[in-house]
Amino acid sequence: MRNLKGRLDLCSINTATLGHREPLSLTIDRIARAGFGGIAPWRHEVEKAVVAQIAKQIKALDLIVTGYCRSTYLPAATRSQWVANVNENKAALRDAATLGARCFVMVVGGLPEGSRDLSGAREQVSEGLAELLETARDCGVPLALEPLHPMYAADRSVLNTLAQALDICDALDRERSGFLGVAVDVYHCWWDPALRSSIAAAGEAGRIFAYHACDWLHQTRDMLLDRGMMGDGVVDLPAMRESVERAGYEGLVEVEIFSKENWWRRDPGEVLRTCANRLQTVV
Ligand code: ZN
């Protein structure tokens, strides 16, 4: 496993970690100044600015865009809404290309309102991904399917385990083109009894495109906005990174922490210093 001591160039900050409290251009400068090698911005902040300008700023600072967050949810109650969702993702993929993103993070969406048709929603996801894969190839930006913890199956993602994501990858991209893979997020995957074997299989297929780090707090108070700082929770982080890297992952370790009541209330500089410290000691 790589030693991250003195290697913040191997580490990236997902801008959500700072709570989206400042303009993106300021956040980009902060992350570069703190010595990190990468950044993962969100669409709602990029789309508020001029994409080409943001891309220029990021490139000038030599930051790697470890991922562009994230997709519009795919499943819809009507066919026309589904088409609109797919098209929004195509537009976002073009922005991801402008940013030079290593991947476009696919959070696929939950059940359409009023629906109880889980397998139907999953079919809509597969169909949408098949279409987006074409655009991804055209844009040169890989799709990283991010399985979310099953507690989000209703409202955010009907894709819930790495094994399920890999099945979709194999079905849609048998040739392993390099344009369809997964994002492994500690928060979503740490509990999975098949974690080790799924990570190994993903690596074997060359499909690990991103690794998102945080921690799972023993007493999680909010299932969306109470992620822990690395080292404050229950996840064996070195063991998890070891298995991801043993599987062949050579990309950056991206910190992604949603923490409304704790880290988002702290000074952004302090948050970045803490991330840097924990990355070099406990991840
Ligand atoms: Zn993530």
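Numbering of residues begins at 1 and proceeds along the displayed sequence.
No hydrogens or angles considered: a donor-acceptor pair under 3.5 Å links the side chains of Thr72 and Arg43. Under 3.5 Å, the side chains of Asn277 and Arg273 contain no donor-acceptor pair of N or O atoms. In this structure, a donor-acceptor pair under 3.5 Å is present between the side chains of Thr15 and Glu45.
Looking at Leu272 and Arg33, their side chains never come closer than 4.5 Å, going by heavy atoms from C-beta outward. Side-chain contact between Phe258 and Trp264 is present, with heavy atoms from C-beta onward closer than 4.5 Å. A 4.5 Å side-chain heavy-atom check between Leu8 and Gln280 finds at least one atom pair inside the cut-off. Inter-residue side-chain proximity for Leu4 and Arg241 is flagged as met; some heavy-atom pair is nearer than 4.5 Å. Here the side chains of Val46 and Tyr68 are in contact, with some heavy-atom distance below 4.5 Å. Lys90 is listed as a side-chain neighbour of Arg94, based on a closest heavy-atom distance under 4.5 Å. Considering only heavy atoms from C-beta on, Cys275 comes within 4.5 Å of Ile13 through its side chain. Annotation: side chain of Asn160 is in contact with side chain of Arg122 (closest heavy-atom distance under 4.5 Å).
Annotation: the span from Arg102 atom CZ to Leu252 atom CG amounts to 6.0 Å, rounded to 0.5 Å. The structure places CH2 of Trp263 at 6.0 Å from CG of Asp232, a figure rounded to the nearest 0.5 Å. Going from atom CG of Asn14 over to atom CD of Glu254 covers 4.5 Å, rounded to the nearest 0.5 Å. The CE atom of Met229 lies 8.5 Å from the CG atom of Leu279; values are rounded to the nearest 0.5 Å. How far CD of Glu88 is from CG of Leu74: 10.5 Å, rounded to the nearest 0.5 Å. Expressed to the nearest 0.5 Å, how far CG of Leu99 lies from CD1 of Ile39 amounts to 9.5 Å.
Although no hydrogens or angles enter the test, the distance criterion places a donor-acceptor pair under 3.5 Å between the side chain of Arg278 and the main chain of Met230. Gln164 places no side-chain N or O within donor-acceptor distance of the main-chain N or O of Pro147, the cut-off being under 3.5 Å.
Annotation for Gln219: atom CD does not count as buried by contact number, only 12 or fewer foreign heavy atoms lying within 6.0 Å. For CZ of Arg116, the number of neighbouring non-hydrogen atoms (other residues, nucleotides, ligands) closer than 6.0 Å is 12 at most. Remark: Glu242 CD is packed, more than 12 non-hydrogen atoms of other residues, nucleotides or ligands lying under 6.0 Å away. The local environment of CD in Glu113 is sparse, with at most 12 non-hydrogen atoms from other residues, nucleotides or ligands closer than 6.0 Å. Within a 6.0 Å sphere centred on NZ of Lys59, heavy atoms belonging to other residues, nucleotides or ligands number more than 12.
Hydrophobic cluster of Phe209: no remaining members, since no ILVMFWY side chain lies below 4.5 Å from it.
Hydrophobic clustering (ILVMFWY, side-chain heavy atoms < 4.5 Å, transitive): Leu217 and Leu237 are in distinct clusters. Connection of Leu26 to Val65 is not established within any shared hydrophobic cluster, with ILVMFWY side chains joined at heavy-atom distances below 4.5 Å, either directly or through further cluster members. Linking ILVMFWY side-chain heavy atoms closer than 4.5 Å, directly or via other members, places Val255 and Met1 in two distinct hydrophobic clusters. A continuous path of hydrophobic side-chain contacts links Leu148 to Met151 [ILVMFWY only; heavy atoms under 4.5 Å].
Listed by first then second residue, pairs satisfying salt bridge (charged side-chain N to carboxylate O under 4.0 Å, His left out) with a partner in residues 214-230 read Asp185-Arg227, Arg227-Glu256, not counting sequence neighbours.
A salt bridge between Arg79 and Glu127 is present, with a side-chain N of the basic residue lying under 4.0 Å from a carboxylate O of the acidic one. Ion pair Arg137/Glu134 flagged as a salt bridge, since at least one NZ, NE, NH1 or NH2 atom sits closer than 4.0 Å to an Asp/Glu carboxylate oxygen. A salt bridge links Glu22 with Arg30: at least one charged nitrogen is closer than 4.0 Å to a carboxylate oxygen.
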Met106 vs Leu180, side-chain contact (heavy atoms from CB on, under 4.5 Å): CA-CA, chis, key distance, verdict: CA-CA 10 Å; Met106 295 291 313; Leu180 191 58; over 6 Å; no

side-chain contact (heavy atoms from CB on, under 4.5 Å) between Tyr73 and Val107, intermediate numbers included: CA-CA 7 Å; Tyr73 298 154; Val107 174; 3.8 Å; yes

Verdict with supporting geometry, Leu93 and Asn89, side-chain contact (heavy atoms from CB on, under 4.5 Å): CA-CA 6 Å; Leu93 267 165; Asn89 283 314; 5.6 Å; no

side-chain contact (heavy atoms from CB on, under 4.5 Å) between His20 and His44, worked out: CA-CA 10 Å; His20 304 296; His44 62 79; 3.6 Å; yes

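Between Trp190 and Trp216, the two ring planes are tilted [angle within 30° to 60°]. By the 30° and 60° cut-offs, the orientation of the rings of Tyr152 relative to Tyr187 is tilted.
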